[in-house]
Amino acid sequence: MAEIIKTVATDLGHPTPLREFWSAYSANKGALIALVYLVLLAAAAILAPWIAPHSSSEQFRDFMLTPPSWLADGHARFVLGTDELGRDILSRLMNGARLSLTIGLISVIVSLIPGIVLGLLAAFYPGWLGTTIMRLMDIMLALPSLLLAIAIVAVLGPGLQNTMLALAVVGLPSYVRLARAAAMTELHKDYVIAAQLSGAGKLRLMFNTVLPNCLAPLIVQATLGFSSAILDTAALGFLGLGVQPPLPEWGTMLAAARDYIERAWWVVTMPGITILITVLALNLMGDGLRDALDPKLKRLA
Amino acid sequence: MIRFLLRRIGVVIPTFLGITLLSFSLIHMIPGDPILVMMGERHIDPEFYKLAMHNLGLDQPLYLQYWHYLVNALHGNLGLSVRSQVPVMQEFLALFPATVELSFCAMLFAVPVGLAAGMIAAMRRGKVADHGVMGIALTGYSMPIFWWGLMLIMLFSVKLGWTPVSGRIDLLYDIQPVTGLLLVDSLLAHDMDAFKSVVMHLILPSIVLGTIPMAVIARMTRSAMLEVLREDYIRTARAKGLSMARIVLIHALRNALMPVVTVIGLQVGTLLAGAVLTESIFSWPGVGSWLINAIGARDYPVVQGGILLIATLIILVNLLVDILYGVINPRIRHAR
C-alpha cells in the first residue's frame, strides 16, 4: 500500500501548464484527430506550390472532366479527377486551402484584436462608453452573420479583401461580448484590486492583469470563429459574392461545378467534402480546447 | 407583467433604429457614385442623373435623408425596385410566403428529429448511440448546406428521380393564390395532385434548411436533458422503479424543454440566412433568392429594404420568444 502511494506520488510532481493542457487535450480522441488533420492541411496549404501535382490553373484540354484515379476511366496523373476545364482538382483544393486558411486566419485576427480592446473598454468603463459599445454589438448581432457579410459584400463588391473585411466585421460582436463578460468576472477579484491598490494604471490593469485570465474563452471562440469564417467564405464564394474565379476558392469551385451535377459527381463532391471536414475538424478542436483550457466551461460530457 | 413587457420592448427600439441606420448607410458606403454604379453607364444625361438623385433623395443633407428614410420605412414605404419599378415592400410580401413555407417545413423536420436525437443521446450517455448521434449532430452543425443541397439533388433528383430538382410546384398546376402558401392554397383548391407536387418539391429544401437547426436542437436537448437527469426528483423516480423511457418522457422532458424552446426561437436567424443559400440552390422563389438576385443586379433599394425587413423580422421573433419565455417562467419575469 505504502509503495503504491509512493510511486503515485513520484509521478505527480508539478506538471507545467503546457503539459497539463496537452494531457487534457489529447485525452479527447476526436480533438486529437482534428488537430492532426489541420496540421496536414496547413502543411499542404503552405507547401502547395511545391508539392501539388500540377498548377492550379493549368488546363489539360485532353483530360476535361476526368474521373478520380480509382475509377475505371480515371487517370493516375489526376488523383481526384479534373474539372470542366481539365484542371487538376487535387491541386486546386490544395491551393484553395491556402486561400481559405489565409482568409480565416486574417479575418479572425482582424476581429479578435479590436474585439478584445472594445470588450475590455466596455468592462472597465461601464458608463456611456460601455453601453454604447454593447448596443452597437447588439445591432450587429441582430442580423445572422452570413446575411451581414452578404450586406457588406453587396456594398463593397466581391473579392478576396472584401470577403476578409466582411468576415472580420461579422465576427467582432462575439469577441467583444466574450471579452467583456470574462473581464467583468475578473474585475472584482482580489488580485485585480491588489494590482489597482499598488498603483497600476488602467491600461496595465486591462492588458497585463485582467486580459491573460480572460484568454481561455477567447481562444476557444477564435477557433470556432475560424470555422465559421471558412464556412462563410465558401458560402459567399458559392453565391458569387466572395473570392472570384479563376482563384481556386472551395466555394467558388462548387459554384462552377453546379452545371456538371448530372455527369461529373467528383467535381461537386470533392470541394464540399473538403469544406465539411475542415469545418468539422475546427469545431472538434474548439470543443477539445474548451474542455482542456477551462474546466469550468466543460460541457456535460 | 406590463413593466416586463415595456422593458423588453424598450431594449428593442434602439436595436431597430440601429438596423435602419445600417440599411440606410448601405447606399452611402458604395464606393463611387451610387447612381452611376446602379445605372452602370458612363455617360448619363445630366437631367436624368438629377432626377435619379432626387428620386432617391440623395440631393438632401444626410440627417434629412435618414429622417425621411426612417419615416418612410415606418410607413412601410421602402422605395421602388430599380429593375421592376415595383415597391420593394410589395415584392417582399409577394415572395415572403414561399420563404415562410420553406422555413416552417424545415422546422417541421428539425424539431422532432433534433429532440428525439438529443433524448436518445442523453439516455444512452457515453454509449455508442450517444457518440453516433452527437457525431452526426456535429457533422450537421459543420455542414456547408449549399453543398449538402447539391449532393441531395444529385442523389435523389438526378440519380433516383424521386424528387424534383427545383421550384415550388410542377408548372402544369395552376393554383389560385390565397395565402401564398402553396400547401394551404392547393388544399383550398381541393387539388390533391397539386398538393402532392408541392410536398415533393418541399422535401429536399426542407431537409437542407433544417439540417443546422436540427443539429443545434439535438445538442441543446442532450445537454439540457443531462442537466435535468441529475436532479433529485429524477433519482426519486428511478428509485420508484420507473422505466428510463417514462422518466425521460414524463418527468425530465418538460423541464429540459425550456432552454430548447429558446434555441428553437433563435433559429429564425439561421433559417433566414440559410434560406438565402437553400433558395438559390433549389431556385426557390422566396426572399432569399430575391435578395441575392438584387445584389447581382445592383438593385440597391431592394438590398436595403430586404436587409431591413429580414433584420426587423428576426428582432421581432426574438422579442416574442423573450416575452413568451417570461410568460412561461415567472422567475425571468421578475428578475431585474
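Reminder, nothing fancy here: chain letters follow the sequence lines and each chain counts from 1.
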Peer 1: Using heavy-atom distances under 4.5 Å, tell me whether A:Ile273 contacts chain B through its side chain, its backbone, both, or neither.
Peer 2: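 When you check distances to chain B, atoms from both the backbone and side chain of A:Ile273 fall under 4.5 Å.
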
Peer 1: For chain A, which of B:Val158, B:Leu26, B:Ile307 has the most heavy-atom pairs under 4.5 Å?
Peer 2: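 Ranked by heavy-atom pairs under 4.5 Å with chain A, first place is B:Leu26.
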
Peer 1: Heavy-atom cut-off 4.5 Å, strictly under: side chain, backbone, both or neither for A:Leu148 against chain B?
Peer 2: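 Side chain of A:Leu148 only, per the 4.5 Å heavy-atom cut-off to chain B.
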
Peer 1: Ignoring hydrogens and angles, tell me if any N or O in the side chain of B:Arg222 forms a donor-acceptor pair with the backbone of B:Ala122 under 3.5 Å.
Peer 2: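 Judged by distance alone, no pair lies under 3.5 Å.
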
Peer 1: Distance from A:Arg177 atom CZ to A:Ile133 atom CD1, nearest 0.5 Å?
Peer 2: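 That separation rounds to 13.5 Å.
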
Peer 1: Mark yes or no for whether A:Ser174, through its side chain, and A:Gly171, through its backbone, hold a donor-acceptor pair below 3.5 Å.
Peer 2: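 A pair under 3.5 Å: yes.
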
Peer 1: Does any heavy atom of chain A fall under 4.5 Å from the side chain of B:Met151, the backbone, both, or neither of them?
Peer 2: side chain

Peer 1: Please identify, among B:Ile315, B:Leu272, B:Leu150, B:Ile314, the residue contributing the most non-hydrogen atom pairs under 4.5 Å to chain A.
Peer 2: B:Leu150

Peer 1: With a 4.5 angstrom heavy-atom cut-off, which part of B:Leu22 approaches chain A: side chain, backbone, both or neither?
Peer 2: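 For B:Leu22, the contact with chain A is made by the side chain alone.
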
Peer 1: For chain B, which candidate among A:Ile275, A:Leu146, A:Leu254 shows the most heavy-atom pairs at distances under 4.5 Å?
Peer 2: A:Leu254

Peer 1: Does any backbone or side-chain atom of B:Ile281 lie under 4.5 Å from a heavy atom of chain A? Answer side chain, backbone, both or neither.
Peer 2: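 Contact with chain A involves both backbone and side-chain atoms of B:Ile281.
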
Peer 1: Side chains of A:Thr233 and A:Glu249 only: does a donor on one sit below 3.5 Å from an acceptor on the other?
Peer 2: no

Peer 1: Check the side chains of B:Tyr66 and B:Thr20 for a donor-acceptor pair under 3.5 angstrom, ignoring hydrogens and angles.
Peer 2: yes

Peer 1: For A:Thr269, which atoms come within 4.5 Å of any heavy atom of chain B: side chain, backbone, both, or neither?
Peer 2: both

Peer 1: Do side-chain atoms of B:Asp299 reach the backbone of B:Ser81 as a donor and acceptor pair under 3.5 angstrom?
Peer 2: no

Peer 1: Name the member of A:Val155, A:Leu143, A:Val279 that forms the most heavy-atom pairs with chain B at distances under 4.5 Å.
Peer 2: A:Val155

Peer 1: Starting from the C-alpha separation in whole Å, work towards a yes-or-no answer on side chain to side chain donor-acceptor pair (under 3.5 Å) for B:Ser280 and B:Ser289.
Peer 2: CA-CA 5 Å; B:Ser280 89; B:Ser289 49; over 6 Å; no

Peer 1: Side chain, backbone, both or neither: which part of B:Ile19 has a heavy atom under 4.5 Å from chain A?
Peer 2: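 For B:Ile19, the contact with chain A is made by backbone and side chain together.
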
Peer 1: Atom CD of B:Gln304 and atom OH of B:Tyr69: how far apart are they, to the nearest 0.5 Å?
Peer 2: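 With rounding to 0.5 Å, CD (B:Gln304) is 4.5 Å from OH (B:Tyr69).
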
